[in-house]
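All residue numbers refer to positions in the sequence shown, counting from 1. Just so you know, these numbers use all the heavy atoms, side chains as well, and skip hydrogens, waters and symmetry mates.
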Amino acid sequence: MAILLGSIADDYTGASDLANTLTKNGLRTVQTVGIPDPSLALPDVDAVVVSLKIRSIPASDAVTAATSAERWLRQRGAGHVLYKICSTFDSTDAGNIGSVTEALSDAAGGGIVLVTPAFPETGRTVYLGHLFVGGQPLNESPLKDHPLNPMHDANLVRVLTRQSRNAVGLLDLIAIAAGPDAVKARLDSLRTAGVTAVIADAIFERDLETLGEVALETPVSTGASGLGLGLARALVRSGRISSSGATTADAIRPVGGLSAIVAGSCSKATLHQLDIAERSMPVLRLDPERLLAGPDEIAAAISWAGDRISAGPVVVAASAAPETVSRLQSLHGREASGHAIETATSIITAELVERGVRRLVIAGGETSGAAVDRLAIPAFLIGPEIAPGVPVLRTIGNAQGDMLLALKSGNFGGEDFFTAALAMMH
Ligand code: ADP
């Protein structure tokens, strides 16, 4: 069966968030980890989300990976490809949103690309090209302190222009509120003026539905799960989906085994969730300096977990408050310390799976990506949601047998997220 909608996600957590949104909006969806091996048996689906890990790598490497994923999706029939980015537009002036968007558009023959990170359900809205996170402009939100991609400008037309070769325009709410025909007319005039990408405003889901309908007539769009919602609803409305309402119950059939939580996110939400988890389960706070110094801290963590894990879930966390993160970064560099800690948390995760963990919660987008890579899990079937945007995932084709996972990016989930996640995994 041909794929109707393809997507290339720039990190694994965002991919599961999008796959979850597509599922909730009526598309049968599988999320793959990287471009799948041809031998992997995938079920019949409406949408495939190819998860890459290209948000924070050099732009030219991101372009190479994204264009090969695009070829794979087009070969399987995908008429439209969504480049899935973070709803907080995580990127730097060196890329990668602009570079990848232009490369995907060139590969599909050019035209104008709709770009919007709006996702009203999680408080991300765009008005006159400015991104708001909850009630705050992006540059005043906690994202200004992100360890890898600190965001200091809320004007996305400006942000994307700095990352693009070609002109970037604005598709404002007035045109969007007037409906698909008004949007198409506006895009035509922008295209004539030489614009090849537009930041699209969106405040309500109906704005994204309008954008989804228009985007389906183009080969490529760039956005967060909100645009995925718009595309999925437009596909369902078009009558092209054979059976809507994928069943998610099948995905959470019990897998047994032990359970664990590994955290590398330093977001406010994750730090609070860890404090709450500490009341009901053993939590090991890793020493980031010692993690960077050598393998001893990893070995100590594995031994600590090994002593406790048969009695119930354990938590291992590298996460730290902004002052501690800044101190480490000023000593070792932002990327070097981030990657070294991701490597450490992924080794710990793999060792826990080696010791029988089959139910696993990982906090942090980059942290999840590194861990899922090391575990070499080929694909996931999407299960029910734990919190908005975070589904339970069931592995497909996993060498160690079926596992249940939750991959949570920084700011997602309520304060009891960790216990809520484990309560859905048996
Ligand atoms: P989020 O989803 O909250 O953005 P990520 O995992 O994507 O979380 O990013 C967090 C980054 O911070 C990762 O690169 C992680 O390795 C790094 N990190 C984790 N703990 C620390 C720490 N104590 N000091 C510095 N960096 C850290």
Side-chain angles (χ1 to χ4, degrees), residues 11-25 29 31 87 119 121-124 134 142 225 246-285 305 308-309 311-319 345 348-349 352-353 356-365 367-369 371-372 377 380-395 402-426:
D11 89 339
Y12 295 167
T13 323
S16 68
D17 175 27
L18 172 66
N20 174 53
T21 300
L22 299 179
T23 303
K24 284 198 303 174
N25 286 281
T29 305
Q31 172 191 352
S87 64
F119 191 18
E121 180 182 308
T122 55
R124 274 62 156 173
S225 294
T247 74
T248 52
D250 186 47
I252 51 168
R253 279 177 291 116
V255 294
L258 304 173
S259 48
I261 295 164
V262 176
S265 159
C266 300
S267 75
K268 261 171 105 169
T270 303
L271 296 175
H272 186 53
Q273 287 157 350
L274 286 167
D275 289 343
I276 299 293
E278 210 149 35
R279 296 179 191 162
S280 60
M281 47 189 123
V283 176
L284 176 67
R285 310 272 185 172
R308 290 164 180 80
I309 201 155
V314 298
V315 185
V316 179
S319 318
T345 46
I348 293 168
T349 306
L352 293 174
V353 172
V357 167
R358 293 293 176 271
R359 291 166 283 147
L360 183 63
V361 182
I362 307 177
T367 306
S368 297
V372 167
I377 297 167
F380 299 106
L381 181 67
I382 312 307
E385 282 189 321
I386 305 156
V390 195
V392 179
L393 304 173
R394 185 186 198 84
T395 59
D402 286 357
M403 288 179 63
L404 295 177
L405 278 89
L407 309 178
K408 184 198 85 83
S409 75
N411 289 308
F412 283 66
E415 64 173 24
D416 64 344
F417 177 83
F418 294 137
T419 43
L422 292 176
M424 290 176 69
M425 302 174 170
H426 299 286

Original post:
If we only count heavy atoms from C-beta on, is the T23 to P391 side-chain gap below 4.5 Å?
Top reply: no
Subject >> Salt bridge D275-K268, side-chain N to carboxylate O under 4.0 Å >> reply: no
Subject >> Check: R394 side chain, A251 main-chain N or O, donor-acceptor pair, under 3.5 Å >> reply: yes
**OP:** Provide the closest heavy-atom pair for T367 versus S265 in the form atom of the first, atom of the second, distance.
**Re:** OG1-N, 4.0 Å
**OP:** Not counting sequence neighbours, which residues clear salt bridge (Lys or Arg N to Asp or Glu O under 4.0 Å) with R308? List them please.
**Re:** none
**OP:** Could you tell me which non-hydrogen atom of S368 sits nearest to which non-hydrogen atom of Y12, and how far apart they are?
**Re:** O-CD1, 4.2 Å
**OP:** Specify the closest pair of heavy atoms between T29 and I382, including all atoms of both residues, with the distance to one decimal.
**Re:** O-CG1, 3.6 Å
**OP:** Find out whether N20 and V390 are in side-chain contact, i.e. whether some heavy atom of one side chain is under 4.5 Å from a heavy atom of the other.
**Re:** no
Original post:
Which heavy atom of P388 sits nearest a heavy atom of F412, and at what distance?
Top reply: O-CD2, 3.3 Å
**OP:** Provide the closest heavy-atom pair for A19 versus Q31 in the form atom of the first, atom of the second, distance.
**Re:** CB-CB, 4.2 Å
Subject >> Euclidean distance, I252 CD1 relative to L381 CG, rounded to 0.5 Å >> reply: 11.0 Å
Which atom pairs, donor and acceptor, lie under 3.5 Å between side-chain atoms of residues 254-263 and protein residues at least two apart or in another chain?
none

Original post:
Between R358 and D402, is there a salt bridge with N-O shorter than 4.0 Å?
Top reply: no
**OP:** Could you check if a side-chain atom of T345 sits within less than 4.5 angstrom of a side-chain atom of V316, using non-hydrogen atoms only?
**Re:** no
Original post:
Between OG1 of T349 and CD1 of I362, what distance do you get to the nearest 0.5 Å?
Top reply: 5.0 Å
Subject >> Short side-chain to backbone donor-acceptor contact, Q273 and A277, under 3.5 Å >> reply: no
Subject >> Contact summary for A420 and I386, nearest pair of heavy atoms >> reply: C-CG2, 4.0 Å
Subject >> Sub-4.5 Å side-chain heavy-atom contact between L393 and L407 >> reply: yes
Original post:
With a 4.5 Å heavy-atom cut-off, do L405 and I377 have their side chains touching?
Top reply: yes
Original post:
Quick one: do the S409 and T13 side chains pair a donor with an acceptor below 3.5 Å?
Top reply: no
Subject >> Residue pairs, two or more places apart or on separate chains, that pass salt bridge (Lys or Arg N to Asp or Glu O under 4.0 Å) and touch residues 407-426 >> reply: none
Original post:
So do the side chains of I276 and F418 get within less than 4.5 Å of each other, counting heavy atoms only?
Top reply: no
Original post:
Roughly how far, to the nearest 0.5 Å, is the CG atom of L360 from the CE atom of M403?
Top reply: 5.0 Å
Subject >> Derivation and outcome, side-chain contact (heavy atoms from CB on, under 4.5 Å), residues L284 and V314 >> reply: CA-CA 8 Å; L284 176 67; V314 298; over 6 Å; no
